[in-house]
Peer 1: 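Let me begin by handing over the structure; questions about it come next.
Chain naming here is simple, since letters A, B, ... match the order of the sequence lines and numbering starts at 1 in each.
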Protein chains: 2
Amino acid sequence: MAEDVFKALADPTRRRILDELVERDGQTLFEICTRLVTKHGLGLSRQAISQHLAVLESAGLVLSRRQGRYKFHDLDTEPLERIVTRWLRPDAPENTP
Amino acid sequence: MAEDVFKALADPTRRRILDELVERDGQTLFEICTRLVTKHGLGLSRQAISQHLAVLESAGLVLSRRQGRYKFHDLDTEPLERIVTRWLRPDAPENTP
DNA sequence: TTGATAGGCAAGTCGCTACTTGCCTATGGT
DNA sequence: ACCATAGGCAAGTAGCGACTTGCCTATCAA
């Protein structure tokens with residue numbers, strides 16, 4: 001649903017997570033946690049990030065693959081393009097650069 | 001700010017408003033109210049829509065021009081394109097159709 | 001000038017959501 | 001077998017956001 005995509009993008013922390021995943025795919029939960037702390041100074045618990053990842057996953061923006069005791073997360077940008085074309089007028093001057 | 005754009009898009013009613021404005025620019029508050037009620041069956045007060053329009057306006061998605069006692073609202077899709085390109089990998093296969 | 005229309009301001013309520021805390025499961029190393 | 005690591009589940013809390021209600025201002029028509 002587009003609803004889930006918009007709600008997922010509404011939170012700044014979730015957008016940071018997408019930033020991390022677009023930089024490097026296949027990160028685990030702990031990797032994302034430490035990156036958010038060190039690079040962005042966010043002091044969040046592991047569960048907070050886990051819940052954010054669940055939201056992103058149910059929105060289709062993040063795909064996860066389990067492997068042993070690790071769970072790797074990958075970015076899927078496919079839902080992004082569809083939701084924005086909703087309001088782009090086909091023949092508006094700013095949309096035909 | 002991109003923050004305001006994402007928060008503005010998070011609400012379903014505000015997205016409906018954008019739907020109405022992309023269909024016809026220059027609508028007043030009351031026009032939008034009646035359209036949301038008749039076409040989408042939303043039973044919202046005038047103030048609710050007014051506050052939504054304020055959010056959209058502060059996000060730069062809606063421009064307003066006052067004329068007498070009327071206030072016309074226009075859609076501006078410019079902020080939309082910038083926020084999505086944030087996570088689109090330049091050379092990913094799904095982004096080069 | 002009076003009344004009706006179009007809109008704004010401010011306070012208050014209510015539900016959702018982000019976050020925490022505590023405990024539990026499972027996999028891997030030694 | 002043991003312990004550490006990677007992650008999950010569930011309940012509880014706090015703050016934000018959507019919506020309402022009531023009242024106020026401004027413009028136009030009669």
Peer 1: Base, backbone or nothing for each nucleotide of nucleotides 19-30 of chain D, written B, S, -, heavy atoms under 4.0 angstrom, 5' to 3'?
Peer 2: BBBB----BS--
Peer 1: Check the distance between dG8(D)'s P and His73(A)'s NE2 and give it to me in whole angstrom.
Peer 2: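 From His73(A) NE2 to dG8(D) P: 7 Å.
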Peer 1: According to side chain to side chain donor-acceptor pair (under 3.5 Å), who are the partners of Glu31(A), at least two apart in sequence or on a separate chain?
Peer 2: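 Applying side chain to side chain donor-acceptor pair (under 3.5 Å) to Glu31(A) gives Arg24(A).
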Peer 1: If you look only at distance, which donor and acceptor atoms sit under 3.5 Å apart when one is on a side chain in residues 7-19 of chain A and the other is two or more places apart or in another chain?
Peer 2:
unit_1	atom_1	unit_2	atom_2	d
Asp11(A)	OD2	Thr13(A)	N	2.9
Asp11(A)	OD2	Thr13(A)	OG1	3.4
Asp11(A)	OD2	Arg14(A)	N	3.3
Arg14(A)	NE	Ala8(A)	O	2.7
Arg14(A)	NH1	His52(A)	ND1	3.1
Arg14(A)	NH2	Lys7(A)	O	3.1
Arg15(A)	NH1	Leu9(A)	O	2.7
Arg15(A)	NH1	Ala10(A)	O	3.3
Arg15(A)	NH2	Glu3(B)	OE1	2.5
Arg16(A)	NH1	His40(A)	ND1	3.4
Asp19(A)	OD1	Arg86(B)	NE	3.0
Asp19(A)	OD1	Trp87(B)	NE1	2.7
Asp19(A)	OD2	Arg86(B)	NH2	2.6

Peer 1: Which residues in residues 18-33 of chain B have a heavy atom closer than 4.0 Å to any atom of DNA chain C?
Peer 2: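 Residues of residues 18-33 of chain B that come under 4.0 Å of DNA chain C are, in numerical order, Thr28(B), Leu29(B), Phe30(B).
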Peer 1: In whole angstroms, how far is the P atom of dA18(C) from the CG atom of Leu56(A)?
Peer 2: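 Rounded to the whole Å, the gap is 10 Å.
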Peer 1: Restricting to pairs with a member in residues 12-36 of chain B, which pass ring-ring contact (aromatic ring centres under 6.0 Å, His included), not counting sequence neighbours?
Peer 2: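 Applying ring-ring contact (aromatic ring centres under 6.0 Å, His included) to every pair that reaches into residues 12-36 of chain B, excluding sequence neighbours, yields nothing.
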Peer 1: Are the side chains of Thr85(A) and Glu81(A) in contact, using a 4.5 Å heavy-atom criterion?
Peer 2: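 Contact flag for Glu81(A)/Thr85(A) side chains = no.
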Peer 1: With sequence neighbours excluded, what pairs up with Arg65(A) under the salt bridge (charged side-chain N to carboxylate O under 4.0 Å, His left out) test?
Peer 2: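 Here the qualifying residues are Asp74(A).
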Peer 1: Would you mind reading off the distance between Arg65(B) atom CZ and dA6(C) atom C1', rounded to a whole angstrom?
Peer 2: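 So the CZ-C1' distance, Arg65(B) to dA6(C), works out to 16 Å.
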Peer 1: Over how many whole Å does the gap from Leu53(B) atom CG to dC9(C) atom C1' extend?
Peer 2: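 Atom-to-atom, Leu53(B) to dC9(C), this comes out as 16 Å.
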Peer 1: For residues 42-50 of chain B, dump all side-chain donor-acceptor pairs below 3.5 Å to protein atoms at least two apart in sequence or in another chain.
Peer 2:
unit_1	atom_1	unit_2	atom_2	d
Ser45(B)	OG	Ala48(B)	N	3.3

Peer 1: What is the separation between atom CZ on Arg16(A) and atom P on dA18(C), rounded to the nearest whole Å?
Peer 2: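 Atom-to-atom, Arg16(A) to dA18(C), this comes out as 16 Å.
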Peer 1: In the hydrophobic clustering (ILVMFWY, side-chain contacts below 4.5 Å, transitive), which residues join Tyr70(A), or is it alone?
Peer 2: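 Phe72(A), listed by chain and number.
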Peer 1: Tell me every residue that passes side chain to side chain donor-acceptor pair (under 3.5 Å) with Arg66(B), counting only those two or more places apart in sequence or in another chain.
Peer 2: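 By the side chain to side chain donor-acceptor pair (under 3.5 Å) rule, Arg66(B) matches no residue at all.
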Peer 1: Look at Lys7(A) and dT17(C) and indicate whether a side-chain polar atom (N or O) is within less than 4.0 Å of OP1 or OP2.
Peer 2: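 Yes, because at least one side-chain N or O of Lys7(A) sits under 4.0 Å from OP1 or OP2 of dT17(C).
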Peer 1: What is the distance from CZ of Arg14(A) to P of dT17(C), rounded to the nearest Å?
Peer 2: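 Atom-to-atom, Arg14(A) to dT17(C), this comes out as 9 Å.
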